[in-house]
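Structure first, commentary second.
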Amino acid sequence: MSPDHPPGLDLDRLRALLDRERPGLVAGPLSGRLIEGGRSNLTYAVSDGTARWVVRRPPLGHVLATAHDMRREHRVISALHPTDVPVPRPVLLCEDKEVLGAPFYVMEFVEGTPYRTAEQLAPLGPGRTRAAVLNLVDTLVGLHAVDPAEVGLADFGRPEGFLDRQLRRWAKQLDASRDRDLAGIDELHATLGRKLPRSPAPTVVHGDYRLDNVLIGGEDDEIRAVLDWEMSTLGDPLTDLGLLVMYSSPLGMPDSPVSTTAQAPGHPAPDELVERYAARSGRDVSTVAWYTAFAWFKLAVILEGIHYRYTLGQTVGRGFDRIGDLVPVFIEHGLTTLQEG
């Protein structure tokens with residue numbers, strides 16, 4: 001831990017707030033560091049030398065508050081913490097921008113590993129990898145079994161017309177970054193629109209459910225916490241399943257800057273994940289191909305946006321120069337998924 005103040009985290013002001021709102025929580029001077037891997041909101045690990053916490057806040061200089069809603073994230077983990085869904089214990093929500101320059105919240109620090117690539121999973125071996133991924137499915141079933149009304153989330157979203165709104169939202173995102181021809185993208189979007197399935201009863205939806213958004217630890221490689229709830233809402237639970245299936249499917253591109261964990265020895269095949277979800281949730285998953293194709297479309301749009309910003313010189317770092325090559329691959333996977341059903 002560095003004693004210096006990381007950008008976006010004023011440790012003196014944070015300490016004063018915690019002393020005032022949670023007397024006795026902090027036992028000594030705070031130190032903090034930015035946790036790498038966050039894609040949108042900033043995540044910091046903070047310690048007083050004895051205990052540790054996590055601070056979540058919007059990116060520096062953000063404009064769209066609705067895209068980085070700290071109250072929303074804090075609300076959902078607060079609602080889910082008393083349930084069997086593993087989430088960090090919430091500590092405090094601060095909407096006073098004078099403290100850190102933006103709203104933020106504090107939660108407990110949970111020990112665990114977010115496995116992002118097949119290479120990171122490989123040391124676990126086939127047996128442990130298989131068990132970890134199946135646990136991921138079981139945890140998703142548990143999330144979707146929570147009654148939103150019973151945990152105070154009855155008004156957490158607008159389930160009616162959820163899929164149609166999602167399609168329109170991502171089409172709008174595509175239009176905002178479209179500056180080159182992308183063969184098949186309009187066909188994929190149109191076919192998804194024509195084949196829109198009828199959604200099951202709404203549940204709490206995570207919105208970005210995958211292996212590297214959970215912390216795995218302990219002797220049994222249990223899922224200790226589900227993280228990154230910034231896209232959560234009430235909606236169609238099968239969107240979470242479709243995204244999980246997509247991230248569990250091989251891309252067929254060696255050295256891709258966007259990787260899945262599918263190639264790790266012991267990783268269950270997508271069909272097995274779907275079957276396990278169906279068996280444990282009791283839901284009809286006969287239209288899962290649509291949800292998986294939608295996930296390919298959604299990620300194609302996100303990647304095209306990243307590529308577009310790269311062409312404008314608005315991104316820095318390694319791998320951005322290869323993101324554009326991935327977009328046609330995601331489009332092709334989406335079309336193939338719909339065709340094969």
Side-chain angles (χ1 to χ4, degrees), residues 76 80 83-85 133-149 151 153-154 156-171 188-214 223 226 228-249 260-262 268-302 330 333-341:
V76 72
L80 293 174
T83 73
D84 291 334
V85 180
V133 178
L134 293 180
N135 282 343
L136 190 66
V137 177
D138 296 346
T139 301
L140 185 62
V141 171
L143 169 64
H144 292 165
V146 172
D147 184 333
V151 296
L153 294 175
F156 194 59
R158 294 184 297 134
E160 300 81 8
F162 178 75
L163 293 181
D164 182 60
R165 283 199 311 277
Q166 284 283 302
L167 262 183
R168 284 189 279 112
R169 170 191 174 185
W170 291 106
L188 177 55
H189 176 253
T191 306
L192 286 167
R194 287 196 305 271
K195 297 186 176 181
L196 204 71
R198 183 172 182 175
S199 292
T203 70
V204 177
V205 172
H206 181 275
D208 196 17
Y209 193 78
R210 50 203 167 107
L211 197 60
D212 63 330
N213 273 341
V214 304
I223 294 180
V226 182
D228 290 355
W229 291 89
E230 61 189 283
M231 298 180 72
S232 60
T233 188
L234 291 189
D236 189 326
L238 297 183
T239 55
D240 277 343
L241 179 62
L243 193 71
L244 181 58
V245 169
M246 189 216 74
Y247 275 112
S248 300
S249 304
T260 72
T261 57
D271 286 350
E272 185 176 358
L273 302 185
V274 173
E275 291 170 3
R276 189 177 183 96
Y277 179 89
R280 302 219 166 188
S281 69
R283 286 190 176 85
D284 178 4
V285 297
S286 58
T287 57
V288 70
W290 186 94
Y291 294 90
T292 307
F294 172 67
W296 288 114
F297 172 73
K298 174 178 164 181
L299 264 292
V301 172
I302 291 172
F330 278 68
H333 275 290
L335 288 168
T336 302
T337 301
L338 280 179
Q339 290 164 1
E340 295 179 349

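Keep in mind that the numbers below use all heavy atoms, side chains included, and drop hydrogens, waters and symmetry copies.
What you find for P268 and L134 is that their closest heavy atoms are CG-CD2, 3.9 Å. Between R283 and P237, the closest heavy-atom pair is NE-CG, 3.7 Å. Counting all heavy atoms, side chain and backbone alike, T337 lies closest to A293 at CG2-N, 3.9 Å. In terms of heavy-atom proximity, P270 sits nearest to S248 at CG-O, 3.5 Å. Annotation for G157 and L234: closest pair N-CG, 3.8 Å, computed over non-hydrogen atoms. Scanning both residues, L338 and A289, for their nearest heavy atoms gives CD2-O, 4.5 Å.
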**Request:** With side-chain contact (heavy atoms from CB on, under 4.5 Å) as the test, would you mind laying out the steps for V214 and T139 before giving the verdict?
**Result:** CA-CA 10 Å; V214 304; T139 301; 6.0 Å; no
**Asked** Does the side-chain contact (heavy atoms from CB on, under 4.5 Å) test come out yes or no for Y277 and L244, once each step is laid out?
**Response** CA-CA 11 Å; Y277 179 89; L244 181 58; over 6 Å; no
**Request:** In sequence, state the C-alpha distance, the side-chain angles, and the governing distance for W296 and T336, and then conclude on side-chain contact (heavy atoms from CB on, under 4.5 Å).
**Result:** CA-CA 10 Å; W296 288 114; T336 302; over 6 Å; no
**Message:** Go through it in stages, so that I can follow the logic: the residues are L136 and Y209, the test is side-chain contact (heavy atoms from CB on, under 4.5 Å), and I'd like the CA-CA distance, side-chain angles, deciding distance and then a yes or no.
**Reply:** CA-CA 9 Å; L136 190 66; Y209 193 78; 3.4 Å; yes
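V226 is not listed as a side-chain neighbour of L140, based on a closest heavy-atom distance of 4.5 Å or more. Side-chain contact between I302 and W170: present, with at least one pair of heavy atoms (C-beta onward) separated by less than 4.5 Å. Looking at heavy atoms from C-beta onward, K298 lies out of side-chain contact with M246 at the 4.5 angstrom threshold. Put simply, the side chain of H206 reaches to within 4.5 Å of the side chain of L143, judged on heavy atoms. Put simply, the side chain of L167 reaches to within 4.5 Å of the side chain of F294, judged on heavy atoms. Under the 4.5 Å side-chain criterion, counting only non-hydrogen atoms from C-beta, D84 is not in contact with V146. V205 has its side chain within reach of T203: a pair of non-hydrogen atoms, C-beta onward, lies under 4.5 Å apart. With a 4.5 Å cut-off on side-chain heavy atoms, L153 and V76 count as touching.
Y291 contributes atom OH, which lies 11.5 Å from atom CD of Q166 (distance to the nearest 0.5 angstrom). Interatomic distance, L192 CG to L335 CG, rounded to the nearest 0.5 Å: 8.5 Å. Taking CG from D236 and OG1 from T287, the interatomic distance works out to 7.5 Å, rounded to the nearest 0.5 Å. Rounded to the nearest 0.5 angstrom, M231 CE and D240 CG are separated by 10.0 Å. The distance from atom OH of Y247 to atom CG of N213, rounded to the nearest 0.5 Å, is 8.5 Å. Interatomic distance, H333 NE2 to L188 CG, rounded to the nearest 0.5 Å: 12.5 Å.
In the displayed structure, R165 atom CZ is contacted under 6.0 Å by more than 12 heavy atoms of other residues, nucleotides or ligands.
No side-chain donor-acceptor contact under 3.5 Å links R280 to the backbone of G142.
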